[in-house]
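Worksheet: the structure to be examined is printed underneath.
Numbering of residues begins at 1 and proceeds along the displayed sequence. Only heavy atoms go into these numbers, but all of them, side chains included; no hydrogens, no water, no symmetry mates. Note that ligands are numbered from 1 as they come in the structure, with each ligand's atoms numbered from 1 the same way.
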Amino acid sequence: METVKCGRYYISIVKGDITGFRVDAIVNAANKFLRHGGGVAGAILKRGGPIIQIESDKIIRERGPLNVGDAVYTPAGNLEAKIVIHTVGPIYGEGGEYKKIYTAVMNSLTLADELGMRSIAFPAISTGVYKVPPKVSAEAMLSAVIDYSKHAINIEHVYIVLYTDDIYKVFKDVFHGLITQCL
Ligand code: AR6
């Protein structure tokens, strides 16, 4: 784990399973329909319980499918978190992947901050089923986390939780390249 003070909060790059994380808000890499099947979404649902899918279905019934970059929240069920923030990343090849991931992270941070969350954990958005190269996701995610650190009100700590060694290494390397923006 690596932790750096950046603007108004701490940023940590961590290797691990996000579903075991004790933070106020866990972010899910969702699809537009909030059908939490595989990947990190499946793991969150399995450990958090059916309430997460039930509340997600309610959101879709009320407002229809989400757009890429949107962020909404549900309770966290049995997870050790207060809420799950569901954000939709792009599918590789659809275009504008960097900007869409940047927006998804910005919207998630803004929502968490508005809800008074003090800590938040993100997985590597779009790097699994959606096949975006980890370097693109890392550059977009970490730029958004660094940019938002200048405006944060309630958030004190942002964790980026990487599941595999390869993706952990990519995120660490990209973070080292961007860290000067924190000073
Ligand atoms: N903790 C942290 N990271 C994880 C975990 C975990 N427990 N499990 C997987 N990852 P993905 P996407 C990593 O596929 O690419 C789903 O079916 C994984 O190694 O979960 O945005 C949704 O419902 C990868 O690096 O999300 C959508 O339909 C990262 O999480 C679609 O996949 C993201 O992989 C979204 O695809």
Side-chain angles (χ1 to χ4, degrees), residues 1-2 11-57 59-60 64-74 76-81 83-109 119-142 144-145 157-175:
M1 170 154 112
E2 271 195 41
I11 303 173
S12 294
I13 311 289
V14 194
K15 201 180 157 263
D17 177 352
I18 202 168
T19 64
F21 247 69
R22 200 172 294 190
V23 281
D24 286 348
I26 288 178
V27 179
N28 177 26
N31 55 50
K32 292 179 179 180
F33 306 99
L34 300 180
R35 300 297 311 172
H36 311 306
V40 72
I44 285 172
L45 192 67
K46 192 167 172 208
R47 197 147 171 180
I51 186 74
I52 295 173
Q53 187 63 66
I54 290 166
E55 294 295 325
S56 295
D57 292 346
I59 292 170
I60 298 299
L66 307 186
N67 292 312
V68 176
D70 284 350
V72 297
Y73 75 101
T74 65
N78 301 322
L79 296 174
E80 296 205 64
I83 58 170
V84 175
I85 292 181
H86 305 271
T87 194
V88 184
I91 299 171
Y92 187 52
E94 71 180 47
E97 287 87 349
Y98 176 97
K99 193 150 184 280
K100 288 170 177 172
I101 293 172
Y102 183 94
T103 303
V105 172
M106 272 294 178
N107 286 339
S108 300
L109 289 167
S119 53
I120 179 168
F122 286 87
I125 292 168
S126 290
T127 62
V129 175
Y130 283 178
K131 298 263 185 321
V132 170
K135 191 159 182 279
V136 174
S137 180
E139 284 169 350
M141 288 193 68
L142 293 169
V145 171
H157 207 138
V158 178
Y159 298 85
I160 312 285
V161 184
L162 297 321
Y163 203 50
T164 64
D165 285 329
D166 290 2
I167 297 182
Y168 175 65
K169 188 178 180 312
V170 172
F171 271 70
K172 241 177 31 177
D173 289 349
V174 169
F175 192 45

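Contact check for Val72 versus Ile85: no side-chain heavy atoms found under the 4.5 Å cut-off. Using a 4.5 Å cut-off on side-chain heavy atoms (C-beta onward), His157 and Val23 make no contact.
Looking at atom 16 (C) of ligand 1, its nearest protein heavy atom turns out to be Gly38 O, 3.5 Å. Scanning the protein for heavy atoms near atom 22 (C) of ligand 1, the closest one is Ala29 O, 3.6 Å. Summary of contacts: the protein heavy atom closest to atom 24 (C) of ligand 1 is Thr127 OG1, 3.2 Å. When hydrogens are left out, the protein atom nearest atom 14 (O) of ligand 1 is Val129 N, 2.8 Å; that is the closest non-hydrogen contact. Counting only heavy atoms of the protein, atom 33 (C) of ligand 1 lies nearest to Ala124 O, 3.2 Å.
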Please set out all donor-acceptor pairs under 3.5 angstrom arising from side-chain atoms of residues 125-136, sequence neighbours excluded.
residue : atom : partner : partner atom : Å
Ser126  : OG   : Pro90   : O            : 2.8
Thr127  : OG1  : Ala124  : O            : 2.8
Lys135  : NZ   : Glu139  : OE2          : 3.0

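Summarising the contacts of atom 15 (O) of ligand 1 with Gly42, Ala43, Gly128, the nearest heavy atom is found in Gly128. Looking at Ile18, Asp166, Val40 and measuring to atom 9 (C) of ligand 1, the nearest heavy atom belongs to Val40. Between Val132, Asn31, Leu162, it is Asn31 that holds the heavy atom closest to atom 28 (O) of ligand 1. When the heavy-atom distances from atom 18 (C) of ligand 1 to Tyr130, Tyr163, Phe122 are ranked, the shortest goes to Tyr163.
Each ring-ring contact (aromatic ring centres under 6.0 Å, His included) pair with one or both residues in residues 20-57, not counting sequence neighbours, appears once here: Phe21-Tyr159, His36-His86.
Judged purely by atom type and a 3.5 angstrom limit, Asn107 has no side-chain atom pairing as donor or acceptor with the backbone of Ala71. In this structure a side-chain-to-backbone donor-acceptor pair under 3.5 Å is present from Gln53 to Leu34. Using a distance-only test at 3.5 Å, with no hydrogens or angles considered, no donor-acceptor pair links the side chain of Asn67 to the main chain of Asp70.
Taking every non-hydrogen atom of Arg35 and a distance limit under 4.0 Å, the qualifying atoms of ligand 1 come out as 23 (O). If you number the atoms of ligand 1 from 1 as listed, the ones under 4.0 Å from a heavy atom of Asp17 come out as 1 (N), 6 (C), 7 (N). Numbered from 1 in the order shown, with element, the atoms of ligand 1 that lie under 4.0 Å from a heavy atom of Ile167 read 25 (O).
A pairwise comparison of heavy atoms in Val68 and Gly89 identifies CG1-C, 3.8 Å as the closest pair. Residues Ile18 and Pro123 come closest through the heavy atom pair CD1-N, 3.5 Å.
Look at Ser126 and you'll find a heavy atom under 4.0 Å from some atom of ligand 1.
The shortest N or O to N or O distance between Gly39 and ligand 1 is not under 3.5 Å.
Salt-bridge check for Asp165 with Lys169: failed, with every basic side-chain N at 4.0 Å or more from each acidic carboxylate O.
Of all the heavy atoms of Ile44, none lies under 4.0 Å from any atom of ligand 1, so neither backbone nor side chain is involved.
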